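I have placed the structure first, in the form of structure tokens, so that the comments after it can refer back to it.
These numbers come from a predicted model, not from an experiment.
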Amino acid sequence: DTEVTQTPKHLVMGMTNKKSLKCEQHMGHRAMYWYKQKAKKPPELMFVYSYEKLSINESVPSRFSPECPNSSLLNLHLHALQPEDSALYLCASSRASGGDFSYEQYFGPGTRLTVT
Amino acid sequence: RKEVEQDPGPFNVPEGATVAFNCTYSNSASQSFFWYRQDCRKEPKLLMSVYSSGNEDGRFTAQLNRASQYISLLIRDSKLSDSATYLCVVGGFKTIFGAGTRLFVKA
């Protein structure tokens with residue numbers, strides 16, 4: 001089973017709202033990722049968690065706050081977003097992360113976020 | 001120079017054609033290479049990993065040339081359902097995605 005689930009599928013929020021995106025995997029993977037993807041662009045890495053610890057933060061603004069409650073779950077808390085933050089937010093997981101070698105990543109279907 | 005470069009296309013080919021995509025990468029220490037496909041408004045899906053010896057999966061063949069730092073994907077007997085964006089991905093401490101190559105297969 002290579003399934004990664006994400007909720008919600010769609011989210012519309014105002015610039016003063018607080019919301020959270022959720023991601024779950026049951027493959028026993030120890031690395032989880034958040035990506036942002038704009039139309040006709042490749043996914044851009046935001047955060048990497050390895051063994052439930054934040055290992056990479058790609059200089060993401062603090063209005064995005066990741067959380068990894070356990071090895072199966074990954075959240076992305078959103079607060080005071082801007083319209084330019086509207087995008088597809090993708091979660092992925094892989095067996096592990098780090099070093100010069102990478103394992104295959106499996107992506108969830110994404111949350112399509114619109115900030116009004 | 002970008003870390004991972006791909007020809008954005010689009011490639012417009014008829015059904016049954018053979019099409020090849022190349023991708024170059026800048027970090028000679030990279031050890032992991034992948035091809036993903038992404039359909040419009042969907043998530044990327046792993047197509048295949050790319051091994052040093054090259055590998056084949058049905059109509060798809062991937063090759064790695066470490067000396068020239070490029071990987072390739074060959075699709076034989078193209079189907080309408082192959083229409084998608086193909087993403088070259090280079091792994092390492094951080095995973096780097098190429099910008100993607102768009103393929104349109106027409107009847």
Counting heavy-atom pairs under 4.5 Å to chain B, which of S94(A), A92(A), P109(A) comes out on top?
P109(A)
Is a side-chain donor or acceptor of S102(A) paired with a backbone partner of T95(B) at a separation under 3.5 angstrom?
no
Tell me whether Y36(B) contacts the main-chain N or O of Q105(A) through its side chain, where contact means a donor paired with an acceptor under 3.5 Å.
yes
Co-membership, hydrophobic cluster, residues L87(B) and V50(B), 4.5 Å side-chain:
no
For E43(B) and G108(A) the tightest heavy-atom approach is CB-O, 3.0 Å
Under 4.5 Å from any heavy atom of chain A, what part of F33(B) do you find: side chain, backbone, both or neither?
neither
Cluster link M27(A) to V48(A), ILVMFWY, side chain under 4.5 Å:
yes
F97(B) and I56(A): same hydrophobic cluster, using ILVMFWY side-chain contacts below 4.5 Å?
yes
Among S30(B), G100(B), P44(B), A29(B), which residue has the highest count of heavy-atom pairs closer than 4.5 Å to chain A?
P44(B)
Within the supplied structure, the quantity of interest is the number of heavy atoms (other residues, nucleotides, ligands) at a distance under 6.0 Å from E3(B) CD; does it exceed 12?
no
Contact check, side chains of K45(B) and F107(A), non-hydrogen atoms, under 4.5 Å
no
Co-membership, hydrophobic cluster, residues L74(B) and I71(B), 4.5 Å side-chain
no
Please classify the contact of Y35(A) with chain B as side chain, backbone, both or neither, using a heavy-atom distance under 4.5 Å.
side chain
Counting a contact as any heavy-atom pair under 4.5 Å apart, which residues of residues 37-45 of chain A contact chain B?
Q37(A), K40(A), P42(A), P43(A), L45(A)
Check whether R41(B) gets within reach of chain A through its side chain, its backbone, both or neither, counting any heavy atom under 4.5 Å.
both
Inspect the surroundings of CD in Q6(A) and state if more than 12 heavy atoms from other residues, nucleotides or ligands are less than 6.0 Å away.
yes
Part of F93(B) within contact of chain A (heavy atom distance under 4.5 Å)
both
Would a single hydrophobic cluster contain both L74(A) and Y106(A), if residues Ile, Leu, Val, Met, Phe, Trp and Tyr are joined by side-chain heavy-atom contacts under 4.5 Å?
no
What's the separation between atom NZ in K42(B) and atom CG in L88(A), rounded to the nearest 0.5 Å?
11.0 Å
